[in-house]
**Q** 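What follows is a single structure, and I will ask about it in a moment.
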Amino acid sequence: MGEQLHPTQTIDERAPAIEVRDLHKSFGDNEVLTGIDFTVDHGTVVCVVGPSGSGKSTLLRCVNRLEEPTSGQILVEGIDITDPDTELDRVRSRIGMVFQQFNLFPHMTVLRNLTIAQQRVKRRGRAEAEKIARANLEKVGLAEKVDAYPAHLSGGQQQRVAIARALSMDPDMMLFDEPTSALDPELVGDVLDVMRALARDGMTMMVVTHEMGFAREVGDKLVFMDGGVIVEEGDPTEVLANPQHERTQAFLSKVL
Amino acid sequence: MTRRARERALTLSLYAVFLAIVVVFVLLADWEAISENFFLAEGFTGTWRSMILVAAKNTILYTIVAFVGGFVLAMVLVLMKLAPIPPFRWLATAYIELFRGLPALVVILFMGFGVPIAFGWRPPGGVVGAGLVALMMVAGAYMAETIRAGIEAVPKGQAEAARSLGMNGSWTMASIVMPQALRIVIPPLTNELVILLKDTSLLFVLGMAASQQELTVAARNFMSTGPSAGTATSLVFAALLYLAITLPLTQLVAWMERKQKRSR
């Protein structure tokens with residue numbers, strides 16, 4: 001792409017999409033992540049599960065530095081984003097993020113939600129940005145909502161708009177932070193369908209979720225976290241059917 | 001007595017007490033004194049030109065000048081409070097605490113007389129200009145707190161979403177957080193406007209030329225000169241004019257607050 005993300009480091013095509021090395025994160029005295037190592041390979045879907053307070057959302061938020069890691073390294077396509085010289089805003093524009101609470105901009109129409117960052121960050125012209133926005137709305141099945149305001153959409157529609165907003169930046173990978181947890185049960189399906197389609201298209205995805213069915217069906221890797229560490233990881237079907245660790249067994253027996 | 005009968009008796013006796021108060025007031029009030037001192041017709045017909053076209057106009061003008069100046073100052077203070085360097089934050093906090101803690105009248109006297117004497121400052125618009133600067137300084141401190149609260153009321157996820165899309169801190173503040181914060185603070189800022197309108201009456205202590213008079217000074221003058229001299233009719237006139245401006249504004253605030261509550 002020729003985009004300057006770091007004065008000396010450049011994108012390494014052979015490096016994993018995301019590589020986390022010995023990540024620690026504390027809030028005051030409370031150590032939430034206590035030494036995390038893991039990787040997300042290009043074109044794979046990694047689902048992160050675990051009880052609440054296990055640090056899974058914090059881990060996800062560290063990957064685009066919405067949380068500042070206390071120590072350790074996070075490499076995104078080979079570039080160390082914990083390095084102060086990294087052009088963080090440019091790296092972030094390559095990582096799509098979808099939040100539990102959708103976080104659409106309520107004072108803007110759906111279309112503007114999808115174009116503002118394209119124009120400001122990607123320096124796209126208005127016509128081009130709107131064309132891309134419409135194409136992505138089409139993809140999530142909400143083409144007719146371009147002029148609606150977020151307050152007039154259902155939760156499921158808002159979340160699909162949020163996914164379309166992230167996609168409009170042409171991200172190399174997507175982070176999902178419990179994307180269906182705030183939704184009424186009957187609206188979960190539409191959002192999962194969109195995510196399934198994304199995975200089929202080969203998008204690199206890291207998904208913090210409670211949807212075990214989705215993890216089994218779509219995930220290439222399942223990571224189980226508890227108490228700030230990765231307790232167990234592996235093939236989703238394998239881990240779900242035959243958990244090795246006692247804590248994984250205890251958790252799965254509660255949610256399955 | 002049944003419970004229902006007891007309730008009815010209580011309601012009836014409350015009405016009876018209310019009626020008695022009204023009757024006593026009507027019988028005891030000196031209606032002649034009231035109409036002659038507070039509602040002398042000439043006091044309205046003979047002074048409305050200066051009261052409305054000059055005094056009320058000036059009151060509104062002073063309010064707008066102080067409000068706009070105060071708003072600009074408040075935005076500067078808010079940005080200082082958000083600055084990455086602590087000294088800016090300390091300075092803004094010190095300013096806000098100082099000017100919220102002082103009576104507006106003291107600040108007006110200080111700017112109107114103290115500062116000009118000490119530094120040979122000639123305020124634009126004379127002593128009234130100095131008074132307006134004082135009102136701005138006080139209003140700015142209050143509005144800064146209001147706007148800061150508005151910014152804090154915008155969910156953190158809004159800024160996070162903008163940052164995750166690659167927008168930098170200033171863009172995020174300018175196009176995502178601030179527009180939402182200002183929408184939240186429109187009702188409290190309108191209340192601020194009402195308070196400021198009433199506070200322009202404090203400029204009264206500075207003394208001003210005839211063309212600069214605002215409502216309170218004009219009313220005070222018409223108590224001793226003009227067609228209603230020797231009565232308080234001009235004060236009632238001024239009071240009615242203040243209410244004619246403030247009541248619609250407070251109703252507007254109530255309406256906006258109801259609307260905001262509904263849209264949540």
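In this text the structure is predicted, and so the values were computed from the model without any measurement. Note on naming: letters A, B, ... go to the chains in the order of the sequence lines (proteins, then strands), and numbering restarts at 1 for each one.
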**Q** Taking all non-hydrogen atoms of both residues, which atom of A/M169 and which atom of B/L165 are closest, and how far apart?
**A**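 The pair with the smallest heavy-atom distance is CE-O, 3.2 Å.
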
**Q** Is atom CZ of A/F27 surrounded by more than 12 heavy atoms (other residues, nucleotides or ligands) closer than 6.0 Å?
**A**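 Yes.
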
**Q** Can you tell which part of A/L66 gets under 4.5 Å to a heavy atom of chain B, answering side chain, backbone, both or neither?
**A**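 When you check distances to chain B, only side chain atoms of A/L66 fall under 4.5 Å.
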
**Q** Name the region of A/L104, side chain, backbone, both or neither, that has any atom closer than 4.5 Å to a heavy atom of chain B.
**A** backbone

**Q** Looking at A/R165, A/E87, A/Q100, which one has more heavy-atom pairs under 4.5 Å with chain B than the rest?
**A** A/R165

**Q** What closest approach, in Å, do B/S175 and A/H107 show between heavy atoms, and which atom pair accounts for it?
**A** O-NE2, 3.0 Å

**Q** Counting only heavy atoms from other residues, nucleotides and ligands, does the tally under 6.0 Å from CD of B/E152 exceed 12?
**A** yes

**Q** In terms of heavy-atom pairs under 4.5 Å, which option from B/G169, B/G157, B/P179 contacts chain A the most?
**A** B/G157

**Q** Side chains of B/I176 and A/M108: closer than 4.5 Å at any heavy-atom pair?
**A** yes

**Q** Heavy-atom cut-off 4.5 Å, strictly under: side chain, backbone, both or neither for A/F99 against chain B?
**A** side chain

**Q** Less than 4.5 Å apart, any side-chain heavy atom of B/R163 and any of A/D89?
**A**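 Yes, side chains in contact.
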
**Q** Would you mind checking which part of A/R65 comes under 4.5 Å of any heavy atom in chain B, side chain (CB onward), backbone (N, CA, C, O), both or neither?
**A**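 Contact with chain B is absent: no heavy atom of A/R65 under 4.5 Å.
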
**Q** Verify the neighbour count for atom CZ of B/R100: are there more than 12 heavy atoms of other residues, nucleotides or ligands below 6.0 Å?
**A**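 Counting other residues, nucleotides and ligands, CZ of B/R100 exceeds 12 neighbours.
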
**Q** Could you look at A/R120 and say if it's the side chain, the backbone, both or neither that has a heavy atom under 4.5 Å from chain B?
**A** both

**Q** Do B/Q158 and A/P106 have side chains that get closer than 4.5 Å, going by heavy atoms?
**A**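 Counting from C-beta outward, B/Q158 and A/P106 do come under 4.5 Å.
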
**Q** Between A/N64 (side chain) and B/S164 (backbone), is there a donor-acceptor pair under 3.5 Å?
**A** no

